[in-house]
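What follows is one structure encoded as structure tokens, with my remarks underneath.
Computed from heavy atoms alone, side chains included, the values below leave out hydrogens, waters and symmetry copies.
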Amino acid sequence: MSFTSFLWEIGNISNKSSRKRHRLRRGQAHINPEASFSSSPGSPGSSTVQIEQRKWANLPPELLLDIIQRVEQREQCWPGRRDVVACASVCRSWREITKDIVKTPELCGFLTFPISLKQPGPRDTPIQCFIRRERATSTFRLYMGLSPALSGELSKLLLAAKRVRRATGTDFVISLVGDDFSRSSNKYVGKLRSNFLGTKFNIFDSQPSTDSTVCSSCELCRKTHPGKVAPRVTTSNHNTAKISYELNILRTRGPRRMQCIMNSIPVSAIEEGGTAPTPTAFTNCLDEHSSPLLDSAGRRPQVGSTSRSMQNVPLVLKNKAPRWHEQLQCWCLNFKGRVTVASVKNFQLVAAVEPSENVTITEQENVILQFGKIGKDIFTMDYCYPLSAFQAFAICLSSFDTKPVCE
């Protein structure tokens, strides 16, 4: 039975139950419980909205919970995850139950809702994606899947970026869709900005990384512009990471050397028992009822002095050292079959930690992000905890910018 037929049968059950309750209450006044959430009684089509809302919302919670759990367990990859998103789009009660059932990518390894792109990836198995570069339009598209040859038209578009050249550098504007890169749009998620030489980059997120940042930013806006009305959408950007490429003035042979300072991720996230900040909804400093950030276990991060000192130490990523292959006469890295074309853009990132930090050898050698070429304008991107898809995509975009002093 298809998913559409399944929902149609559930709708018939709901109609029968609502008619039975109506016969039992015959002669009594009935107040619509969904009236406060729908259109006003005098507006056209308000009764239709109330009927459609009541038909789905009046399902027993136990039955509804079992239905969504079965759908979520059956559909474990795209495009099947569309059915899970469709359940969350039926009505308000379905949305709340679906959000409670669907876990974060760190726990389940799946990307479901758009906020999953801002949440850390899984700890064990990396999420495999590929990037398609379009030279004519200077756009880059991130897809979910192994490669375009295996996925075909079933690939799920996750993020898109457009390169905008300026007099002092280059901007990569990142959006949820491939045809709207305006910062005033609700599809805007962040950007990557470089300096003039293309050796230093800053990753800007459209939403802050901590609750304290939200409060301080809002208070600063109110103090600076107390008489102004808040705009409909925010245009603020929050610096969450810095990327720097090492200069190669002597033109020595070897791959590019880069370092990433993740200001939004503490180094304690990769320690034993550590957790990375996990946003639960898209928020900005103009939202008065923005939901707080949670850790991977669904708890609020503590604000004690010890936690604050650990949060001030950011996670640093560095290149994994390659080895020189005598027969091939080139530098080599083990990409486990995910990279097939030699390129100066290929890299693997691991954590750079101090000996005093409580990080095991296994965690230090674990590849957090790898990026490489497999064809003309086709690249693979595999990332895992504690990076998110947005952060990994922004780091990979920095490799596409011209760097004459680094090669």
Euclidean distance, [Y] [atom2] relative to [X] [atom1], rounded to 0.5 Å:
{"X": "C129", "Y": "M381", "atom1": "SG", "atom2": "CE", "value": "4.5 Å"}
{"X": "Q259", "Y": "E246", "atom1": "CD", "atom2": "CD", "value": "9.5 Å"}
{"X": "I131", "Y": "I378", "atom1": "CD1", "atom2": "CD1", "value": "10.0 Å"}
{"X": "L117", "Y": "I115", "atom1": "CG", "atom2": "CD1", "value": "8.0 Å"}
{"X": "L247", "Y": "L197", "atom1": "CG", "atom2": "CG", "value": "7.5 Å"}
{"X": "K242", "Y": "M262", "atom1": "NZ", "atom2": "CE", "value": "12.5 Å"}

Are the side chain of [X] and the backbone of [Y] linked by a donor-acceptor contact shorter than 3.5 Å?
{"X": "S185", "Y": "S182", "answer": "no"}
{"X": "T112", "Y": "F110", "answer": "no"}
{"X": "S116", "Y": "F113", "answer": "yes"}
{"X": "S194", "Y": "T170", "answer": "yes"}
{"X": "K162", "Y": "T137", "answer": "yes"}
{"X": "T380", "Y": "V339", "answer": "no"}
{"X": "S138", "Y": "E134", "answer": "no"}

Let me know which of D171, T168, N202 forms a side-chain hydrogen bond (donor to acceptor under 3.5 Å, both in side chains) with R193.
->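 Going through D171, T168, N202 one by one, the side-chain hydrogen bond (donor to acceptor under 3.5 Å, both in side chains) with R193 is satisfied by D171 alone.
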Before giving the answer on ring pair (Phe, Tyr, Trp, His ring centres under 6.0 Å), spell out for F371 and F400 the whole-Å C-alpha distance, their side-chain angles and the decisive distance to 0.1 Å.
-> CA-CA 11 Å; F371 171 79; F400 289 104; 5.6 Å; yes
Can you find a pair of side-chain heavy atoms, one from [X] and one from [Y], that are under 4.5 Å apart?
{"X": "R163", "Y": "V173", "value": "no"}
{"X": "E106", "Y": "R123", "value": "yes"}
{"X": "L315", "Y": "P266", "value": "no"}
{"X": "I368", "Y": "V350", "value": "no"}
{"X": "I374", "Y": "F379", "value": "no"}
{"X": "T240", "Y": "N263", "value": "no"}
{"X": "C384", "Y": "N366", "value": "yes"}
{"X": "V84", "Y": "T98", "value": "yes"}

Identify, with sequence neighbours excluded, every residue that meets salt bridge (Lys or Arg N to Asp or Glu O under 4.0 Å) alongside R95.
-> none
How close do [X] and [Y] get, counting heavy atoms only, and between which atoms?
{"X": "F347", "Y": "L369", "value": "CE1-CD2, 4.0 Å"}
{"X": "Q119", "Y": "P279", "value": "NE2-O, 2.8 Å"}
{"X": "L142", "Y": "A389", "value": "CD2-O, 4.4 Å"}
{"X": "D382", "Y": "P126", "value": "CB-CB, 4.3 Å"}
{"X": "A394", "Y": "I203", "value": "CB-CD1, 3.7 Å"}
{"X": "D401", "Y": "G198", "value": "OD2-CA, 3.8 Å"}

For Q348, check side-chain hydrogen bond (donor to acceptor under 3.5 Å, both in side chains) against everything at least two apart and list the hits.
-> Q370
Side chains of N237 and Y188: is there a donor and an acceptor less than 3.5 Å apart?
->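 The answer is yes; a qualifying pair exists.
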Modelled atom types, side-chain donor and acceptor of S388 and Y383, under 3.5 Å |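 Side chains of S388 and Y383: no pair found under 3.5 Å.
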So, are D83 and R74 salt-bridged, with charged N and O less than 4.0 Å apart?
-> yes
Flag the pair R81 and E72 as a salt bridge only when some basic side-chain nitrogen lies within less than 4.0 angstrom of an acidic carboxylate oxygen.
->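 Salt bridge present between R81 and E72.
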Stepwise side-chain contact (heavy atoms from CB on, under 4.5 Å) test for S175 and L159 | CA-CA 6 Å; S175 173; L159 293 169; over 6 Å; no
For side-chain contact (heavy atoms from CB on, under 4.5 Å), just list the numbers for N346 and L333, CA-CA rounded to whole Å, side-chain angles, deciding distance to a tenth of an Å, and then say yes or no.
-> CA-CA 9 Å; N346 303 346; L333 283 171; over 6 Å; no
Does NZ or CZ of R133 come closer than 6.0 Å to the centre of the six-membered ring of F140, within 45° of the ring's axis?
-> no
Determine, stepwise, if the pair D205 / K118 fulfils salt bridge (Lys or Arg N to Asp or Glu O under 4.0 Å).
-> CA-CA 10 Å; D205 200 337; K118 292 288 187 74; 2.8 Å; yes
Side chain to side chain donor-acceptor pair (under 3.5 Å) evaluation trace for S264 with Q391 | CA-CA 10 Å; S264 60; Q391 295 167 340; 3.3 Å; yes
Before giving the answer on side-chain contact (heavy atoms from CB on, under 4.5 Å), spell out for V353 and I270 the whole-Å C-alpha distance, their side-chain angles and the decisive distance to 0.1 Å.
-> CA-CA 10 Å; V353 297; I270 63 173; 3.9 Å; yes
Over 12 foreign heavy atoms within 6.0 Å of NZ, K345 | yes
Under the side-chain contact (heavy atoms from CB on, under 4.5 Å) criterion, do I68 and W94 qualify, and how do the steps go?
-> CA-CA 8 Å; I68 300 180; W94 284 53; 4.3 Å; yes
